[in-house]
Amino acid sequence: MIRLGLCCMFREQPIKFVTTTATSLGKLKRSDALKKLSRLCLANADSLLAALQFCAENGIGCFRVNSQILPIKTHPTCGYEIDDLPEGDEIIRRFKKCGEFVKQQKLRTCFHPDQFVVLNSPRTDVVEKSVQELEYQAEVAEWIGADVINIHGGGAYGDKQKALADFARSLDRLSSRVRSRLTVENDDMTYTPADLLPICRSTGVPLVYDVHHHRCNPDGQTVGQATRKALATWDREPMFHISSPLDGWNGPKPERHHDFIDVTDFPECWRRKKLTVEIEAKAKEVAVAKLLADLNSGGKSGDGWFVYLLRCADGSLYTGISNDVPRRLEQHNAGTASRYTRSRLPVVLIYQETQATRSLALKRELAIKALSRQAKETLIRAVK
C-alpha cells in the first residue's frame with residue numbers, strides 16, 4: 001500500500017511553524033533569549049500535532065518535520081540544549097505527545113536536513129556542524145518516533161569515489177540514534193542511484209530513491225531497476241521521493257518542481273508496493289490530495305464513489321458525492337438534488353475524483369469543503 005507524505009508546511013491550512021534569527025536573539029539578554037526560544041519550541045510542538053491530525057484526517061500517511069522545529073538549535077553562539085530552556089520538560093512532553101499520536105494513528109514522520117549538512121566535505125568544520133545538526137534532529141526524532149533522517153551524498157570534489165569513501169568514514173562519528181535513522185538520496189546533479197547503491201550496501205544506509213532526480217541525472221538504469229535495487233537496501237518500510245518538472249521534461253530546467261504531481265510521472269512499478277512516497281510539490285497538501293485522487297481514479301461511474309465540484313450560475317462552488325455523477329448532475333440541473341443548487345441553476349461539472357468507498361468519499365468531501373475558494377480553484381485548474 002502506498003503511503004503519501006507531506007513535506008514540512010501547508011499551502012492553505014492555517015498551520016504554521018515559527019522560527020527566529022541569531023540577530024534577533026542577539027539583541028536580548030541570554031535569559032530572555034532562552035524564554036523566547038522556549039515559547040517558539042512549544043508553539044512548534046503544538047503545530048506539529050495539528051499537522052499530524054490533519055494528515056490522519058485526510059489520508060496522508062507521512063509528515064516531514066521542518067529542520068527548524070527547534071529554532072537555531074545548533075547555532076554556534078545562540079544554540080542551546082533543551083535543559084537550558086525554562087520549559088524544557090514541557091517541550092519534550094508535547095513532542096512525545098506527537099509521537100504517541102503517530103503511533104496511535106499508524107502515521108510516519110521523518111526529517112530531511114538542510115543542504116549545509118554534508119558529511120563528505122573536505123572542511124572539518126562543515127563535517128562537525130553537520131554531525132551536530134544530525135544529532136539534534138535525531139533527538140527530536142526519538143521523541144516523535146521518526147525513523148528516517150535523509151541526507152544527500154554531498155559533493156564530488158573532483159573525485160567521486162574518494163568523496164564517497166569520506167562519506168562512509170564520517171558515519172563512524174554518528175551516534176547509534178542517528179545511524180539507525182540515516183538514509184541517503186540520489187540527487188539531480190552529482191550522485192545517481194548507481195553511484196550510491198554500493199555505499200548503501202556496504203554501510204547499511206538505505207537509499208531514498210528520488211525518481212525525479214534520477215530522470216534528471218540518469219545512470220543507465222531504468223526506473224524499475226533502480227526501484228528494485230533501492231528497495232533491497234531497506235530494513236523497514238522504504239521511502240521514495242517524487243516530483244514533476246515545472247515546465248515539463250522538455251523545458252529548460254526540468255529539475256525545478258511543479259506545484260503538482262503529474263500522475264503519469266508516478267512509476268507504475270511503485271503502485272502495488274508497500275512504501276512511503278514523499279510528495280515534493282509546491283502546492284503542498286493540495287498537491288497530495290490531488291495525487292491521492294488521481295491514483296484512485298480510473299474507474300467508471302458505478303464502479304465506486306466520486307467526489308465532485310460544480311460551478312453554479314452565480315459563480316459559487318458546490319461539493320458533493322455520488323456513485324453516478326452523470327445522473328447526479330442531471331438531478332442537480334432538474335432542481336431535485338440540492339436546495340443550494342436549486343436556486344443557482346444551471347450548474348456545470350468542473351471536477352471529480354474517485355474514492356474506493358462511500359465513507360472515504362464523505363471524508364474527502366468534508367476536506368474539500370474546508371478548503372478556501374483559492375485552494376478549490378487551484379485543485380480545479382490542476383486537472384485541466
Side-chain angles (χ1 to χ4, degrees), residues 2-8 61-65 67 108-115 117-120 147-156 160 163-164 167 181-201 205-234 236-249 251 253-271 273-284 287-288 291 295:
I2 296 292
R3 180 203 304 263
L4 297 187
L6 173 62
C7 296
C8 300
C62 180
F63 186 74
R64 181 192 294 177
V65 181
S67 294
R108 196 178 191 188
T109 51
C110 63
F111 287 83
H112 195 355
D114 297 324
Q115 295 288 345
V117 173
V118 182
L119 287 180
N120 68 347
D147 68 339
V148 168
I149 301 176
N150 181 50
I151 62 174
H152 290 279
K160 192 177 284 188
L164 286 172
F167 175 91
R181 295 174 170 86
L182 194 71
T183 63
V184 65
E185 174 189 349
N186 60 296
D187 62 74
D188 57 6
M189 296 290 290
T190 306
Y191 291 109
T192 67
D195 292 326
L196 295 175
L197 281 163
I199 205 82
C200 291
R201 296 185 189 107
V205 174
L207 177 66
V208 171
Y209 175 45
D210 189 309
V211 69
H212 186 169
H213 289 170
H214 190 204
R215 287 163 173 158
C216 293
N217 186 19
D219 57 7
Q221 298 183 98
T222 66
V223 169
Q225 290 169 335
T227 293
R228 288 192 296 274
K229 293 175 183 177
L231 290 173
T233 66
W234 285 84
R236 53 198 183 278
E237 182 176 311
M239 180 177 290
F240 289 175
H241 289 175
I242 192 169
S243 44
S244 288
L246 178 60
D247 298 311
W249 290 109
K253 294 183 178 180
E255 68 276 7
R256 296 170 64 193
H257 291 185
H258 199 285
D259 284 1
F260 293 92
I261 305 298
D262 185 334
V263 72
T264 62
D265 288 333
F266 198 94
E268 186 65 32
C269 62
W270 289 11
R271 295 197 182 213
K273 305 292 185 187
K274 183 179 181 181
L275 82 155
T276 299
V277 180
E278 287 197 286
I279 308 308
E280 297 189 323
K282 294 178 182 178
K284 298 301 180 179
V288 179
L291 182 59
L295 290 173

*Where is the tightest heavy-atom contact between V184 and C200, given as atom of each residue plus distance?*
CG1-SG, 3.5 Å

*Check the angle between the aromatic planes of Y209 and H214 and answer parallel, tilted or perpendicular using the 30° and 60° thresholds.*
perpendicular

*Would you please name every residue forming a side-chain contact (heavy atoms from CB on, under 4.5 Å) with C7, sequence neighbours left out?*
R64, E278, E280, K284

*Not counting sequence neighbours, which residues clear side-chain hydrogen bond (donor to acceptor under 3.5 Å, both in side chains) with T233? List them please.*
none

*Validation row: N186, N217 side chains within 4.5 angstrom (heavy atoms)*: no

*Rounded distance (nearest 0.5 Å) linking atom CZ of F266 with atom CD1 of I261*: 9.5 Å

*What pairs of residues pass the salt bridge (Lys or Arg N to Asp or Glu O under 4.0 Å) test when at least one of them lies in residues 208-222, not counting sequence neighbours?*
none

*Please tell me if the side chains of L4 and V277 come closer than 4.5 Å, counting only heavy atoms from C-beta onward.*
yes

*Does a side-chain heavy-atom distance below 4.5 Å link F240 with L231?*
yes

*Check whether any side-chain heavy atom of C62 lies under 4.5 Å from a side-chain heavy atom of C110, and answer yes or no.*
yes

*asked:* Could you report the tightest heavy-atom contact between G153 and N120, atom names first, then the distance?
replied: O-ND2, 3.3 Å

_Counterpart residues, side-chain hydrogen bond (donor to acceptor under 3.5 Å, both in side chains), relative to S244 (two or more places apart)_ = D265

*Which residue pairs satisfy the salt bridge (Lys or Arg N to Asp or Glu O under 4.0 Å) criterion with at least one member in residues 184-198, sequence neighbours excluded?*
K160-D195

_Going by the rule side-chain contact (heavy atoms from CB on, under 4.5 Å), which residues pair with A283 if we only count those two or more places apart in sequence or in a different chain?_
R11, D259, F260, V286, A287

*With sequence neighbours excluded, tell me which residues meet side-chain contact (heavy atoms from CB on, under 4.5 Å) with P198.*
R201

*Looking at residues at least two apart in the chain, or sitting in another chain, which of them share a salt bridge (Lys or Arg N to Asp or Glu O under 4.0 Å) with R236?*
D147

_Residue pair P267 / V211: nearest heavy atoms and the distance that separates them_ = CG-CG2, 4.0 Å

*Which heavy atom in T227 sits nearest to a heavy atom in W270, and how many Å separate them?*
OG1-NE1, 2.9 Å

*Between C269 and G224, what is the shortest heavy-atom contact and its length?*
SG-CA, 4.0 Å

*Nearest 0.5 Å please: distance from the CG atom of D262 over to the CG atom of L291.*
9.5 Å

*Report yes or no: do N150 and T183 form a side-chain donor-acceptor pair below 3.5 Å?*
yes

*asked:* For A232, give me all partners under side-chain contact (heavy atoms from CB on, under 4.5 Å), at least two apart in sequence or on another chain.
replied: none

*Rounded to the nearest 0.5 Å, what's the gap from NE2 on H213 to CD1 on I242? Could you check?*
12.0 Å

*Would you call the rings of H212 and W249 parallel, tilted or perpendicular, where under 30° means parallel and over 60° means perpendicular?*
perpendicular

*For residues V263 and L295, determine if any side-chain heavy atom of one lies less than 4.5 Å from a side-chain heavy atom of the other.*
yes

*More than 12 heavy atoms of other residues, nucleotides or ligands under 6.0 Å from NZ of K282: is that the case?*
yes

_I need the minimum non-hydrogen distance between A156 and T190, along with the two atoms involved._
CB-CG2, 3.8 Å

*Non-neighbouring partners of H258 that pass side-chain hydrogen bond (donor to acceptor under 3.5 Å, both in side chains), sequence neighbours left out*: none

*Partner set under ring pair (Phe, Tyr, Trp, His ring centres under 6.0 Å) for W234, not counting sequence neighbours*: none

*For E237, all residues meeting salt bridge (Lys or Arg N to Asp or Glu O under 4.0 Å), sequence neighbours excluded*: R3, R108

*Could you give me the CA-CA distance, side-chain angles and deciding distance for Y191 and I199, then say whether side-chain contact (heavy atoms from CB on, under 4.5 Å) is met?*
CA-CA 11 Å; Y191 291 109; I199 205 82; over 6 Å; no

